[in-house]
Amino acid sequence: MWYRADGEQRTCHLLIIHTLHLGIFKRLWDCSVCVWRAQSQAQQVMQQVDVAALRLLDVLLLTLPQALTHTYVLTAAEFSLTSPGQSALTTRLHGYCNPPDINCVCVCVCVCVLWSVALCSGVCVLSLSWALVLYSRACCLARPGHLLMLPAALLCQLLWRAGLLSARFASLALFARSFGCWVFGVVGCHWLIAALWLVSQQTDICVGQCAWRAFNLVLGGVHVFLFLNVKDGPSRYRMAGFYTVMLLENATLVLAASNILTEASWESLTVPTAVLCSFLLGLTFLLVYYRFLHPKSTEISHTLHHRAQAGSTCLDQGDSSFSLADKSLTLPSLRPPISSSHPSFSLLEHPGSCGAKAGAECRHHHWLLVRLALKTGDPSKIGRVSRPTEAS
């Protein structure tokens, strides 16, 4: 549908590609061709945004359920990386496989299967984390005036997402192993509360009443597992509140699923400690990213440095009234622009921008992606932000 909206006429060709599940590779190829042919910067950016958005949708619909399933299989089998042959599944096989030679073969096959499941689970978490990183990078590129993310920033975001997602998946899987279908009640309550929380933020990305409700409902389901910022302005308080609730909920689920309160031992502490360390590791990389590697962090530090030279005490106090996630700050750029050959561009230049109809009347997917990147659906705000700046 997106290809047809972009003017692609080869329907049979696209049908074959998508039937073979090669659509994402076709998008990546088109993005590379767009760069090789040195097309306009707006077209290059929107191609990357298309790929990032479709990849994120793909991992949320396919990879996330797979990661949950694999994690549950590992917890149900009580798989351990240090002693994989002592899992609950291999212990059961000892009573069913006779003679001893067949027993040994069964155990080896079981261990290989569990190792494969563990590997798939890790790959799924990394794939989901990388898709979130690419989406964040694409939104940053689509915002005029924002700067490129450094490779260290991408790596830090990847570790941040992977640590927090691993802890979340493990907590839900452990609770599901002990309490079964009650985990759906936990997920449903979290989903409802997250949807109401998003409604209270009054986001304006979707302007229609039905579309706005559906958007908040779907995003509430996403917030069961991860934080996705869709509100313009400083996000530090929203992120702090979300991860505080997530930490408390994960701790409650793990403590309820383990026997640490009744039988305190080193073995009973292993899993809760691993989940807590994974969460704290992800939280640490989150703080490192927003303190040192966020595209605006250098500019904010530069501003504080000049204020300190002018006699301000902000630097001495080690605190700032600015938020590292404040997208409305207008500060001098300290890094090179995205492309020296196209120093400025407008998001409204790309195909499918709908021109004067940009707003509720426009149904092109590029307009939706622009609203997601700028975190607003107000045409006047988008027009002001997207207006190209004059080259100095």
Side-chain angles (χ1 to χ4, degrees), residues 59-60 63-84 87 114-133 135-136 152-179 183 186-187 190 194 222-228 239-261 264-293:
V59 297
L60 289 178
T63 309
L64 192 149
Q66 290 178 10
L68 275 174
T69 305
H70 293 151
T71 307
Y72 175 75
V73 170
L74 293 175
T75 55
E78 299 181 6
F79 178 72
S80 174
L81 293 177
T82 56
S83 55
S87 65
L114 290 178
W115 270 107
S116 300
V117 173
L119 179 61
C120 290
S121 179
V123 171
C124 287
V125 171
L126 289 177
S127 178
L128 181 57
S129 304
W130 185 243
L132 291 168
V133 172
Y135 176 77
S136 176
L154 299 178
L155 178 60
C156 197
Q157 275 202 64
L158 179 66
L159 297 175
W160 151 27
R161 293 292 189 178
L164 295 180
L165 285 173
S166 300
R168 183 58 173 171
F169 292 158
S171 301
L172 292 174
L174 288 169
F175 188 83
R177 184 192 66 180
S178 300
F179 295 94
V183 70
V186 174
V187 171
H190 190 116
V222 174
H223 275 71
V224 173
F225 306 99
L226 54 97
F227 177 81
L228 202 62
M239 292 185 70
F242 175 84
Y243 286 119
T244 299
V245 171
M246 190 66 75
L247 174 61
L248 295 176
E249 185 175 326
N250 288 347
T252 303
L253 294 177
V254 172
L255 290 177
S258 62
N259 56 357
I260 186 175
L261 299 179
S265 63
W266 288 111
E267 186 176 355
S268 62
L269 286 173
T270 303
V271 175
T273 303
V275 174
L276 179 61
C277 289
S278 177
F279 190 92
L280 294 180
L281 186 65
L283 203 61
T284 301
F285 282 108
L286 183 151
L287 297 175
V288 170
Y289 169 75
Y290 277 103
R291 176 61 184 89
F292 300 104
L293 300 173

Visitor: At what distance, to the nearest 0.5 angstrom, does OG1 of Thr63 lie from CH2 of Trp130?
Guide: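 It comes to 15.0 Å.
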Visitor: Find the distance between CG (Leu253) and CG (Leu174) and round it off to the nearest 0.5 Å.
Guide: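 That separation rounds to 9.0 Å.
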Visitor: Please identify which of these residues, Thr69, Leu68, Thr71, meets the side chain to side chain contact (heavy atoms under 4.5 Å, CB included) condition with Ser121.
Guide: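 For Ser121, the side chain to side chain contact (heavy atoms under 4.5 Å, CB included) check succeeds only for Thr71.
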Visitor: Applying side chain to side chain contact (heavy atoms under 4.5 Å, CB included) to Phe169 and Leu64, what does each step give before you reach the verdict?
Guide: CA-CA 9 Å; Phe169 292 158; Leu64 192 149; 4.1 Å; yes
Visitor: Mind checking whether Val288 and Trp160 have side chains closer than 4.5 Å, heavy atoms only?
Guide: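 A side-chain contact is absent here, since even the closest heavy-atom pair is not under 4.5 Å.
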Visitor: About how many Å separate CG of Leu283 and OG1 of Thr244, when rounded to the nearest 0.5 Å?
Guide: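 Thr244 OG1 to Leu283 CG: 8.5 Å, rounded to 0.5 Å.
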Visitor: How close do Ala257 and Arg177 get, heavy atom to heavy atom, and via which atoms?
Guide: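 Heavy atoms only, the tightest pair is O-NH2, 4.2 Å.
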Visitor: Check the orientation of Phe227 and His223. Use parallel for under 30°, tilted for 30 to 60°, and perpendicular for over 60°.
Guide: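 It falls in the perpendicular class, over 60°.
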Visitor: How long is the straight-line distance from CG of Leu293 back to CG of Leu154, given to the nearest 0.5 Å?
Guide: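 It comes to 9.5 Å.
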Visitor: Which distance, rounded to the nearest 0.5 Å, do you find between the CG of Leu60 and the CG of Leu128?
Guide: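 If I round to the nearest 0.5 Å, the distance is 6.5 Å.
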Visitor: Using a 3.5 Å distance criterion without hydrogens, assess whether the side chain of His190 forms a donor-acceptor pair with backbone atoms of Val186.
Guide: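 Here the side-chain-to-backbone pair does not exist.
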Visitor: Mind checking the CZ-CD spacing from Phe175 to Glu249? Nearest 0.5 Å is all I need.
Guide: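 Reported value, rounded in 0.5 Å steps: 9.5 Å.
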Visitor: How close do Leu286 and Met239 get, counting heavy atoms only, and between which atoms?
Guide: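 Minimum heavy-atom separation between Leu286 and Met239: CD1-CE, 3.7 Å.
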Visitor: Kindly indicate, with the supporting measurements, whether the criterion side chain to side chain contact (heavy atoms under 4.5 Å, CB included) is fulfilled by Leu132 and Tyr135.
Guide: CA-CA 5 Å; Leu132 291 168; Tyr135 176 77; 5.6 Å; no
Visitor: With no hydrogens and no angle check, is any side-chain donor or acceptor of Thr284 less than 3.5 Å from a backbone partner on Leu280?
Guide: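 Yes; at least one donor-acceptor contact below 3.5 Å.
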Visitor: Heavy atoms only: give me the nearest Val224-Met246 pair and the separation to one decimal.
Guide: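 Here Val224 and Met246 meet closest at O-CE, 3.8 Å.
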Visitor: Checking the side chain of Ser136 only, and the main-chain atoms of Val133 only, is there a donor and an acceptor separated by less than 3.5 Å?
Guide: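 Pair absent, no side-chain N/O of Ser136 close to backbone of Val133.
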Visitor: Show the nearest heavy-atom pair for residues Tyr243 and Phe279, with the distance to one decimal.
Guide: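 Closest approach of Tyr243 to Phe279, heavy atoms only: O-CZ, 3.6 Å.
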Visitor: Go through the steps to decide whether Ser258 and Val271 satisfy the test side chain to side chain contact (heavy atoms under 4.5 Å, CB included), and finish with yes or no.
Guide: CA-CA 8 Å; Ser258 62; Val271 175; over 6 Å; no
Visitor: If I compare all heavy atoms of Val125 with all of Ser166, which pair ends up nearest, and what's the gap?
Guide: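 The pair with the smallest heavy-atom distance is CG1-OG, 3.5 Å.
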Visitor: Please find the pair of heavy atoms, one from Ala162 and one from Leu126, that lie closest to each other, and give the distance.
Guide: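 Residues Ala162 and Leu126, closest heavy atoms: CB-CD2, 4.4 Å.
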